[in-house]
Protein chains: 2
Amino acid sequence: MPADLPKSRAPSIRDVARLAGVSHQTVSRVLNNHPSIRDSTKARVQQVMDDLQYRPNRAARALSRGTSRTIGVLSASSSQYGPASSIAAIQDAAREAGYYVNTANLTSVDPETIEAALDHLMLQSVEGIVVIAPQMRVFDVLEQLSIAVPYVTLQSTGSLNEHGLSFDQISGARAATRHLIDLGHRNIYHLAGPQDWIEAEARMRGFLDEMGAMDVPTTAPILGDWTADFGYHAGRELLRVRDFTAIFSSNDQMALGLMHAIRDAGLSIPGDVSVVGFDDIPEAAHFWPPLTTVRQDFPELGRRCMALLLDDISPGPGEHREAIIPELVVRASTGPPAF
Amino acid sequence: MPADLPKSRAPSIRDVARLAGVSHQTVSRVLNNHPSIRDSTKARVQQVMDDLQYRPNRAARALSRGTSRTIGVLSASSSQYGPASSIAAIQDAAREAGYYVNTANLTSVDPETIEAALDHLMLQSVEGIVVIAPQMRVFDVLEQLSIAVPYVTLQSTGSLNEHGLSFDQISGARAATRHLIDLGHRNIYHLAGPQDWIEAEARMRGFLDEMGAMDVPTTAPILGDWTADFGYHAGRELLRVRDFTAIFSSNDQMALGLMHAIRDAGLSIPGDVSVVGFDDIPEAAHFWPPLTTVRQDFPELGRRCMALLLDDISPGPGEHREAIIPELVVRASTGPPAF
DNA sequence: CGTTCGAATGTGCACGGTCACAATTGTGGA
DNA sequence: TCCACAATTGTGACCGTGCACATTCGAACG
């Protein structure tokens, strides 16, 4: 038995080749499932690879192929339930497709930060980008930098450009609004997401559209920041006037804060005020009272998004781009208004 | 002006070198801030790089240097608030240090899945791994595979091995338990996390330790799965007997479900039952009633974890490994027992 | 003015794969 | 038996960057 030289370097295909008595190219063929390899040869090579615990070097492969098999994710508020579950789904889908995922977080939304994050991604020669913080501004920067790779976004309205995955937020918001109107509410407030966020915009539009269609007078939506804290403070402010019987919040966290403020004021839900949220986070069913909300299937969204992007990178069978229709989940936080 | 040949390939250092009238090595030196470069030369090269929109090729660099500057994150339940915020912090810290992060999700905990996820990470030649799903089993697999790179874990007790970052979960849990005992409770249940999770184990230990130290008789903890749904169902079961006045839940989500069940049974919180959670997720302050809980600084945890790992990869000034002490946040969900 | 030495720059190759092409082997039909 | 042709395997170059070493430059010094 020849001495097993204790080389410090990890084994390469040439090491495998030498021990298997073949050329390095043959080893490469085994790695890539080339059709024309004799079974016996393949087995022998495989055996040596196992013995050596050989791992292909990704950098070398990327360099030589000129392709990184990495996609980038640009995300804001990635610790929130929605984005986080989408990211997880994207990662799983990517891994399944043999891709790697690299995430860059947006801590703020000024152009410099966005550009820095994009730079970080581009530096890794990503082949595509998924944008999860669909702020208008991000797209401006994307367009302006004339990004050289395909990109898609989650949670857009689908109307922005060809890159968006249509999740029909508008009809989700309309359904929620319609639910309140059907119950008999006429004085309804809308607690919207931050200005500049595409999904906040879409939900607000859905609200306004439905109110308009049903001929119910509206007040200007309040722009929030998605947090429960904001919902609480907004609620306190609103309750000083108390000229409404229902509120549609554009996410569940703000709805939670809102309900907190309403109870603090000694009012009952839904007796005095009905509340509707958006997202259906897993906790929503256990809020007090359990929250009526609009369910979004974030993981499915992530998967679809990934499929879309992969299709852009290397056109395949063509993905179904039809919109996902969100579903209204009626729980105990809504009821007819008291007069 | 020479024709600007429309090459399809991205510019390389040699392209830059040619246009700047220097050797490719000089360009490389500019890239790496080599000290011995004449300012004028440096400026000229930089100019050409800007003109060409030159981006260094990461794969080539990794191949040549033999280092990927990538760290891997192995994570379970990455869509939950705690892990998600830690991951975000890790990514930020890594980016700041010039590292890239690649995440692999664990959808289940059987050895094959863990091994596959690790494989995925190793295939990218990561230089270090952060384990966020600190299940015992994961460590077994890690040890067994004799992973060739340093790794650290969040949220361990610090006692497991030298890889753990000490977040003193035990004293956090003790503080929570002590709070209940001090209020006068003597019949206290503990709703623990899943078996095999290190942090669940640590919190349980803290609970049992404190109960023992204060000479309060204990019942066996109930093993949950971190979800609000589980908390709700566990609560319903427990209330059929109702031989307790307080419950310490090992996370906020389960505490939420628990409170839901308690209210469903027509009982009041904290009048009939006091509830304590763990984590202090942003929503906890707006639960009904606002939840007494133990605050964990997840972002700080992520940052520290990253510092530790980077220090392992290339020993530096030596990081402070002292434990983070969690803080008890008393809100309205706890009070003295009614007799 | 030649020498010396450090600063600044250039040369060639290695890294570990893949690609294009060449060479060899194997198989069936004339 | 010999040849055409496909299946299988080998050869060498190349991807873009960094390293080790060689070379040139420039200023200070004897």
Side-chain angles (χ1 to χ4, degrees), chain A residues 7-46 48-49 52-70 98 100 122-127 148, chain B residues 7-46 48-49 52-70 98 100 122-127 148:
Chain A
K7 37 178 74 170
S8 55
R9 227 178 57 262
S12 76
I13 50 169
R14 288 174 165 87
D15 298 321
V16 174
R18 193 171 344 102
L19 290 181
V22 297
S23 75
H24 64 110
Q25 177 58 12
T26 299
V27 177
S28 170
R29 289 198 179 96
V30 171
L31 278 176
N32 296 288
N33 293 316
H34 190 94
S36 301
I37 293 275
R38 206 185 307 270
D39 281 348
S40 60
T41 312
K42 186 168 180 173
R44 189 152 34 96
V45 172
Q46 207 90 41
V48 176
M49 294 202 297
L52 257 50
Q53 293 205 303
Y54 166 80
R55 290 304 166 93
N57 179 315
R58 198 164 95 84
R61 181 174 281 185
L63 175 58
S64 138
R65 276 211 271 241
T67 168
S68 64
R69 288 194 85 73
T70 296
Y100 300 92
M122 295 309 288
L123 270 177
Q124 307 179 75
S125 6
V126 295
E127 291 180 35
Chain B
K7 40 179 71 171
S8 55
R9 228 177 54 262
S12 75
I13 49 170
R14 286 171 213 274
D15 297 322
V16 175
R18 194 173 340 107
L19 290 181
V22 296
S23 76
H24 68 106
Q25 179 57 14
T26 299
V27 178
S28 171
R29 290 198 178 95
V30 172
L31 278 176
N32 297 289
N33 294 316
H34 189 95
S36 301
I37 293 273
R38 206 186 306 271
D39 280 350
S40 60
T41 312
K42 186 169 180 171
R44 190 153 33 96
V45 171
Q46 207 90 43
V48 176
M49 294 202 299
L52 256 49
Q53 294 205 304
Y54 166 79
R55 291 304 167 92
N57 180 314
R58 197 163 95 85
R61 181 173 280 186
L63 175 58
S64 166
R65 278 210 272 238
T67 168
S68 63
R69 288 195 84 73
T70 296
Y100 300 92
M122 295 309 288
L123 270 176
Q124 305 180 76
S125 8
V126 294
E127 291 179 34

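All of these numbers come straight from a predicted model, not from anything done at the bench. Each chain gets a letter, A, B and so on, in the order its sequence line appears, and its residues count up from 1.
- Remark: the A/Thr67 side chain and the A/Glu127 side chain contain an N/O donor-acceptor pair separated by less than 3.5 Å.
- Terminal axes of the helix from C/dC1-D/dG30 to C/dA30-D/dT1 (five pairs each, C1' rotation axis) are separated by 50°, to the nearest 10°.
- For D/dG10, the OP1/OP2 oxygens have a side-chain nitrogen or oxygen of A/Thr26 closer than 4.0 Å.
- Taking CD1 of B/Ile37 as the start and CZ of B/Arg44 as the end, the distance is 10.5 Å to the nearest 0.5 Å.
- Taking atom NZ of residue B/Lys42 and atom P of nucleotide C/dT9, one finds them 11 Å apart after rounding to whole Å.
- B/Leu63 has its CG atom 17 Å from the P atom of D/dC14, to the nearest Å.
- Using a 4.0 Å cut-off between a side-chain N of Lys or Arg and a carboxylate O of Asp or Glu, A/Asp39 and A/Lys42 do not qualify as a salt bridge.
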Nucleotides 17-23 of chain C: protein proximity per nucleotide (B base, S sugar-phosphate only, - neither; heavy atom, under 4.0 Å) = BBBBB--
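- Between B/Leu52 atom CG and B/Ile13 atom CD1 the span is 13.0 Å, to the nearest 0.5 Å.
- When rounded to the nearest whole Å, the span between CD1 of B/Ile37 and P of D/dG18 equals 12 Å.
- Within the structure, every side-chain polar atom (N or O) of B/Ser36 is placed at least 4.0 Å from both OP1 and OP2 of C/dT9.
- The interatomic distance linking B/Arg58 (CZ) with D/dG18 (P) rounds to 13 Å, in whole Å.
- Of the possible donor and acceptor atoms, one in the side chain of A/Ser68 sits under 3.5 Å from a partner among the backbone N and O of A/Ser125.
- At distances below 3.5 Å, at least one donor-acceptor pair connects side-chain atoms of A/Asp15 with backbone N or O atoms of A/Ser12.
- Checking side-chain atoms of B/Arg61 against main-chain N and O of B/Pro56 turns up no donor-acceptor pair under 3.5 Å.
- Side-chain atoms of A/Arg69 come within 3.5 Å of backbone atoms of A/Gly98 as a donor-acceptor pair (strictly under, hydrogens ignored).
- Side chain of A/Asn32 to backbone of A/His34: no donor-acceptor contact under 3.5 angstrom is found.
- Following rounding to the nearest Å, B/Arg69 (CZ) and D/dG18 (P) show an atom-to-atom distance of 12 Å.
- Taking atom CZ on B/Arg38 and atom C1' on C/dA7, their separation rounds to 8 Å, with Å as the unit.
- Going from atom NE2 of A/His34 over to atom P of D/dT8 covers 9 Å, rounded to whole Å.
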